[in-house]
Amino acid sequence: MERAPLLELQGIRKRFGGLEVLKGVDLRVYPGEILALLGPSGCGKTTLLRVIAGLEAPDAGRVLLQGQDVTLLPPERRGVGFVFQDYALFPHLSALGNVAFGLKGKDRLQRAQKALERVGMTLFQNRKPHELSGGQQQRIALARALAPGPKLVLLDEPFSSLDAGLRAATREEVRKVLKETGTTALLVTHDQEEALSFADRLGVMRGGELLQVGTPEEVYLRPRTPFVAQFLGRTNLLPGEGKGGYAETCLGPVPLAEPAFGPLLLSLRPEALRLAPPGEGPLGEVVAREFKGHDLTYRVRLLGPVDREVLVQESPGAPYRVGDRVGLRVVGEGVALEGHPSKAPVGAD
Ligand SMILES: Nc1ncnc2c1ncn2[C@@H]1O[C@H](COP(=O)(O)OP(=O)(O)OP(=O)(O)O)[C@@H](O)[C@H]1O
């Protein structure tokens, strides 16, 4: 039997004037899960979070929390915590004051202290926000959101104002706290790497629609559309002819992750290709070389009947330079994308 979702969105629609910002979004988030919503700027991510929090009313659709319809409930009655992009801490209150602010009862200070302890901020409890670093403020904001023991916490680009090093470390700590407390979280980001590394599952949005939801591996390795394939990292989109377990392409036969027949469009990640001495595989010429320390990406123009460039990821020590003639080897699998006449089952005409 399928687990009951903690949060369920059914056909959420929202329009601002003439602009339809959410076009019928369905989503389920399960207890204890961290789900990241990923998409380009303006695709409706923040609006969707605001609808879930109760800060924005949808024009159509329902928001269910633990099976209960909360679409019409005000924010404070939903049991949802919110961490905004700019943390929105009260500048005149100490860290402890900020965390205790929304709490009720005689033990509110103890509970606030406990929440600060969980995020490793006990020593800083008397400091004001301006006396704290960005990462520390971020943790205070998280402690404040978690202190009332929400069913769900919504994180809107919570790491965007941190620099790269602090960002990775803070992300890891936040993930640890969420997992230790068993808190269900929905994170909005437009950072692909963040979504892939932080979330248990991720959903890719575009133009008010949720295009694909799955584990980071599923969505990265089995994108369904060209947009999802390209949004999660660089890829080669190649036309081909499905022959079952492989497709015939300008690079020769490419093994397919799932069998397909007929004309298709293939996503083949740069790491599924390698360079070789000329003579092995189709011939190409290196037109660009991008060295990034941990990896090296080449752009190679094919020197054959088809005029096309492909990206190839190599180990940092690869010897090839711009202008070199190279062979191309296919070492990984391609994925046939939807919307192209391809995915007929095995044995179909
Ligand atoms: N209150 C509002 N009134 C009018 N338009 C709005 C309002 N809120 C959002 N929008 C518009 O709705 C669209 C979606 O905005 P939203 O903030 O949800 O996108 P987003 O995916 O979170 O973008 P970003 O990554 O840039 O934060 C944008 O075109 C935005 O200008």
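It should be emphasised that the depicted structure is a prediction, and the values quoted were computed from it without experimental measurement. Each ligand, and each atom within it, is numbered from 1 in the order the structure gives.
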*Any link between Leu296 and Val287 through a network of hydrophobic side chains (Ile, Leu, Val, Met, Phe, Trp, Tyr) touching at under 4.5 Å?*
no
_Can you classify the ring geometry of Tyr320 versus Tyr298 as parallel (below 30°), tilted (30 to 60°) or perpendicular (above 60°)?_
perpendicular
*State the atoms of ligand 1, each with its element, that fall below the 4.0 Å cut-off from a heavy-atom position in Leu19.*
29 (O)
*Could you point out which residue of Val29, Val80, Leu48 forms a side chain to side chain contact (heavy atoms under 4.5 Å, CB included) with Leu186?*
Val29
*What is the nearest protein non-hydrogen atom to atom 1 (N) of ligand 1, stated with its residue, atom name and distance?*
Phe16 CE2, 3.6 Å
*Using only heavy-atom distances, determine whether the side chains of Thr71 and Asp69 contain a donor-acceptor pair under 3.5 Å.*
yes
*asked:* Could you identify the single nearest non-hydrogen protein atom to atom 27 (O) of ligand 1 and state the distance to 0.1 Å?
replied: Thr46 OG1, 3.8 Å
*Output the list of atoms in ligand 1 that are nearer than 4.0 Å to some heavy atom of His190, sorted by atom number.*
25 (O)
*Among protein heavy atoms, which sits nearest to atom 26 (O) of ligand 1, and what does the distance come to when rounded to 0.1 Å?*
Ser41 OG, 2.6 Å
*Tell me, which protein residue and heavy-atom name are nearest atom 25 (O) of ligand 1, and how many Å apart are they?*
Lys45 NZ, 2.9 Å
*Donor-acceptor pair between Glu33 and Thr184 side chains, under 3.5 angstrom*: no
*Is the shortest distance from a heavy atom of Cys43 to ligand 1 less than 4.0 Å?*
yes
*List every atom of ligand 1 that sits less than 4.0 Å from any heavy atom of Val21, numbering the atoms from 1 in the order shown and giving each element.*
12 (O), 13 (C), 14 (C)
